**Student:** 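Next up is a structure, given as structure tokens.
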Amino acid sequence: MRRGNVKRLPEAEFEIMKIVWESNPPITTGKIMEDIGIEKGWKIQTVVSLMNRLTERGFLSSEKKGKERYYYPTVEMDDYLSFETEYFMKLYHKRSFMNLVNTLYKSDSISDEDLDSLIKWVKEKGD
């Protein structure tokens, strides 16, 4: 799936995709239930429904082998995070990295170590 076709995911679907991306494909609904379904109080039908929605949206492909359905990611995590970051920057920070850093700095959400790492990163990119 090309990044231009990526759509924003609701939180529950994103939680499932994080498990999919962190696992070795294929993944089953049983694995999702083990990792987060029980903790979130989801029923198996909820997980199946969410997995079907992710398949319809093009984030997963699936194949049935015997009684089990296996799911494979079709969108890479880096592609999705890049899409979400661009959306966030456009919506909240007028596509300005400095606006973002300033907001983080003012809210004490960025540590001195993070700032030092950022300065080091900028210097390395400039070389």
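Just so it is clear, the structure is predicted and the values come from calculations on it, not from any experiment.
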**Student:** With a 4.0 Å cut-off, would you call K65 and E68 a salt bridge?
**Tutor:**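 So K65 does not pair with E68 through a salt bridge.
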**Student:** Working to the nearest 0.5 angstrom, can you tell me the gap between I32 CD1 and M17 CE?
**Tutor:** 9.0 Å
**Student:** For the atom pair CD1 (I44) and OG (S49), what is the distance rounded to the nearest 0.5 Å?
**Tutor:** 11.5 Å
**Student:** With no hydrogens and no angle check, is any side-chain donor or acceptor of S117 less than 3.5 Å from a backbone partner on E113?
**Tutor:**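 Between the backbone of E113 and the side chain of S117 there is a qualifying donor-acceptor contact (under 3.5 Å).
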**Student:** Among Y70, Y71, Y72, find the residue that satisfies the side-chain hydrogen bond (donor to acceptor under 3.5 Å, both in side chains) test when tested with E63.
**Tutor:**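 Single pass found, and it is Y72.
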**Student:** Is D116 atom CG crowded by more than 12 heavy atoms from other residues, nucleotides or ligands, each under 6.0 Å away?
**Tutor:** yes
**Student:** About how many Å separate CD1 of I110 and CG of L115, when rounded to the nearest 0.5 Å?
**Tutor:**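 Between atom CG of L115 and atom CD1 of I110 there are 4.0 Å.
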**Student:** Hey, does R53 have a side-chain heavy atom less than 4.5 Å from the side chain of L50?
**Tutor:** yes
**Student:** When you compare the side chain of M51 with that of I27, does any pair of heavy atoms fall below 4.5 Å?
**Tutor:** yes
**Student:** Calculate, to the nearest 0.5 Å, the distance between atoms CD1 and NZ belonging to I19 and K31 respectively.
**Tutor:** 7.0 Å
**Student:** Determine whether R8 and F83 satisfy the following criterion, side-chain contact (heavy atoms from CB on, under 4.5 Å), listing intermediate values before the conclusion.
**Tutor:** CA-CA 8 Å; R8 295 194 73 225; F83 165 79; 3.5 Å; yes
**Student:** Is there a chain of hydrophobic side chains (I, L, V, M, F, W, Y, each step under 4.5 Å between heavy atoms) that links W121 to F97?
**Tutor:** yes
**Student:** Is it the case that one hydrophobic cluster holds both L9 and M89, taking links as side-chain heavy atoms less than 4.5 Å apart, direct or via other members?
**Tutor:**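 Shared cluster, no.
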**Student:** Fit a plane to each ring of F88 and Y92, take the angle between them on a 0 to 90° scale, and name the class: parallel (under 30°), tilted (30 to 60°) or perpendicular (over 60°).
**Tutor:** tilted
**Student:** Hey, are the side chains of L81 and W21 touching, using non-hydrogen atoms and a 4.5 Å cut-off?
**Tutor:**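 Sidechains of W21 and L81: no contact.
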**Student:** Kindly give the heavy-atom pair with the smallest separation between L60 and P73, and that separation in Å.
**Tutor:** CD2-CA, 3.9 Å
**Student:** To the closest 0.5 Å, what do you measure between NZ (K40) and OG1 (T46)?
**Tutor:** 12.5 Å
**Student:** How close do S62 and T55 get, counting heavy atoms only, and between which atoms?
**Tutor:** OG-CG2, 4.5 Å
**Student:** So how far is it from R95 CZ to L100 CG, rounded to the nearest 0.5 Å?
**Tutor:** 14.5 Å
